[in-house]
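Everything below concerns the one structure shown next.
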Amino acid sequence: MQRRPLLIQQDRFIYADTTHEEYGIVRPILQDIADLIKTPSTTHIYQVSEQSIWYACEQGIEFHQIKTFFEQFGKLSPPKPLLDWMEQQFYRFGLVEIIQDNSGQFCLRSKEKGLIGQILKNHDYRQCPVEEGEGVFIDESERGWIKAQFMAFDYPVRDQGGYEEGTPLPIETLPAMKLRSYQKEAVEALLKRKQTDGGNGVIILPCGAGKTIVGLALMAELKQEVLILTPNDTSLRQWARELMDKTTIDSSKVGFYSSTKKELAPVTIATYQMLTHRNAKTKKFSHLPTFQSRKWGLVIYDEVHLLPAPLFRFAASLQSVRRVGLTATCVREDKKEKEIFSLIGPKRYEIGIQSLERHGWLAHPVCKEIKVPFDEHKARHYWESSKRDQFRIASENPKKLDVVEELLKKHKREKILIIGQYIDQLEQVAKRFSYPLITGQTPKEQREVLFEQFRNSKISTLILSRVANLALDLPDAQVGIQLSGTFGSRQEEAQRIGRLLRPSQQASVHFYSLVTPFTKEQERAMNRQLFMVEQGYEYESEEWSS
DNA sequence: TAGACAGGAA
DNA sequence: TGAAATCCTGTCTA
């Protein structure tokens, strides 16, 4: 009993001993049923959540299998309350369904009597006959709303209502576009159960793994009109470019719907903000109705983790349309994860950096955390400052610049990106090392010029503010130096490392994270690093001394 | 008709 | 927790 790797607690936390010989066996299973929360030294702390269990259900895992797993690898026998709670979650999954009967009417049915009335209080629905439990007829347009209501009470509804077909659109991918094996798998995972609940969901692929390609392949499979929603202008253009390059579609069939142009076309690419915009006086959505007027066969939510809350209503109104969310990061940190689960769909496909690296599609990342202590003067300043200012003071630790100097020397033949969060700090770096700095203030043309020079190796090093997080047109680099980061989001880390990992001739790339030890910044940095740990990599830690 | 810029939003 | 970036609309200029 004693020599087992897992400590399973009643509070849904699981402590895994990473030095244990069996950790390699339990890790993949843990990742299927729980979320990684913290990684202090030789322990990985996981947490079981409602969604992590539903995901397991989705994968076809059964309750008794988890129970056996816990019994086999737990130091102690698993706590009964936890098992009961988990069993309850398994029971909830699939308890409520939406189906379409032979006459085309939608029916919401529950295996448990009274549940529908309890959740949809004050709403009268006509009873519909079911073999077990109870059922009511609902209107097609209510599907999204109803699913969201049930989700609010932790009942995930299995939507088997199928889809309406969109307006046909002839589109093929060009022969030159070869799908990689995992891209093919992703497309199949999404479409495998076309008629029921298989045409929607989330696909998780690391940056640089070709999410757009998966989108194009889906379009070519379905051959119906498409609405593509993206977070910004750059990815808007990116989608258009890829469509032109890799499919048979004519540019007259592709429309931009953004601040400058407002075209609706068989393939329409719009920004999220466009859809969320409200009229200042009437408070009504300015553009939503326009989008609802067309018969889409597919809606693609690019970077679905950025889906803004007001858009959930739009998403809810489009439940009869096939939809796919594309993202590079686990959506699960987001408080809105449940809405994405119920309105876009469950995770259908995920592949990690490690498997892509093994096939040579991504470079091998070497991540190092360098601890840069304050000098005495700054240390005093830090401790005397208010809690509010401490994070920034630690982030802007001037000693970090000395480390940057060392790193620049060490990697002088490689292309380097220096990334930071505070403009003041970045300006200091730019001044000291005489490299160009790009911030949100930098005009677009100037950015492009600098990117081009960097690509041609005319400049070896660029200094970037948060513009780096989502800018798709940023060229490849082999070294990333993170001076400071935001309040510990894995997403940010994912984007920044992903930036470097884009397929390149380089076998490995280096990512350095500069952190002031024993400060607020270090706590946050630990959370950010979870991203790579989750992906199966470890950060090496190093103390810097001058 | 296009672009530049200010101001507001989330 | 807070700073920075982005996108939208409307207005002005050429």
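The sequence lines fix the lettering, A, B, ..., with proteins before strands; numbering per chain opens at 1.
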Expressed as a whole number of angstroms, how long is the span from [X]:[atom1] to [N]:[atom2]?
{"X": "A/Glu303", "N": "C/dT6", "atom1": "CD", "atom2": "P", "value": "15 Å"}
{"X": "A/Lys444", "N": "B/dG3", "atom1": "NZ", "atom2": "C1'", "value": "13 Å"}
{"X": "A/Arg392", "N": "C/dA3", "atom1": "CZ", "atom2": "C1'", "value": "7 Å"}
{"X": "A/Gln425", "N": "C/dA4", "atom1": "CD", "atom2": "P", "value": "11 Å"}
{"X": "A/Arg237", "N": "C/dC7", "atom1": "CZ", "atom2": "P", "value": "9 Å"}
{"X": "A/Arg278", "N": "C/dG10", "atom1": "CZ", "atom2": "C1'", "value": "20 Å"}
{"X": "A/Arg496", "N": "C/dA4", "atom1": "CZ", "atom2": "P", "value": "13 Å"}
{"X": "A/Gln273", "N": "C/dT6", "atom1": "CD", "atom2": "P", "value": "11 Å"}

Fill in: Straight-line distance of A/Leu483 CG to A/Gln421 CD, nearest 0.5 Å
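One finds 11.0 Å between CG of A/Leu483 and CD of A/Gln421.
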Discussion item. Nearest 0.5 angstrom please: A/Lys368 NZ to A/Glu542 CD, how far?
Written reply: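 So the NZ of A/Lys368 and the CD of A/Glu542 are separated by 5.0 Å.
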Worksheet item: Are any of A/His287's side-chain N or O atoms less than 4.0 Å away from OP1 or OP2 of C/dT9?
Response: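 True: A/His287 side-chain N/O within range (under 4.0 Å) of C/dT9 OP1/OP2.
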Discussion item. Check this one for me: any side-chain N or O of A/Ser465 less than 4.0 Å away from OP1 or OP2 of C/dA5?
Written reply: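 Indeed, a polar side-chain atom of A/Ser465 lies that close.
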Practice prompt. For the pair A/His510 and A/Tyr512, name the ring-plane relationship: parallel under 30°, tilted 30 to 60°, perpendicular over 60°.
Written response: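 Geometry flag for A/Tyr512 against A/His510: parallel rings.
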Worksheet item: A/Ser286 near the nucleic acid: base, sugar-phosphate alone, or nothing, with a heavy-atom cut-off under 4.0 Å?
Response: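 Result for A/Ser286 = nothing.
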Item to complete: Using a heavy-atom cut-off of under 4.0 Å over every strand shown, decide if A/Tyr422 touches base, sugar-phosphate, or nothing.
Response: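 Sugar-phosphate contact only - A/Tyr422 comes under 4.0 Å of backbone atoms but never of a base.
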Worksheet item: Of A/Ile423 and A/Ser258, whose closest DNA chain C nucleotide lies nearer the 5' terminus?
Response: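 Whichever sits nearer the 5' end wins; that is A/Ile423.
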Practice prompt. Just jot down the side chain to side chain donor-acceptor pair (under 3.5 Å) partners of A/Tyr382, sequence neighbours excluded, or say none.
Written response: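 By the side chain to side chain donor-acceptor pair (under 3.5 Å) rule, A/Tyr382 matches no residue at all.
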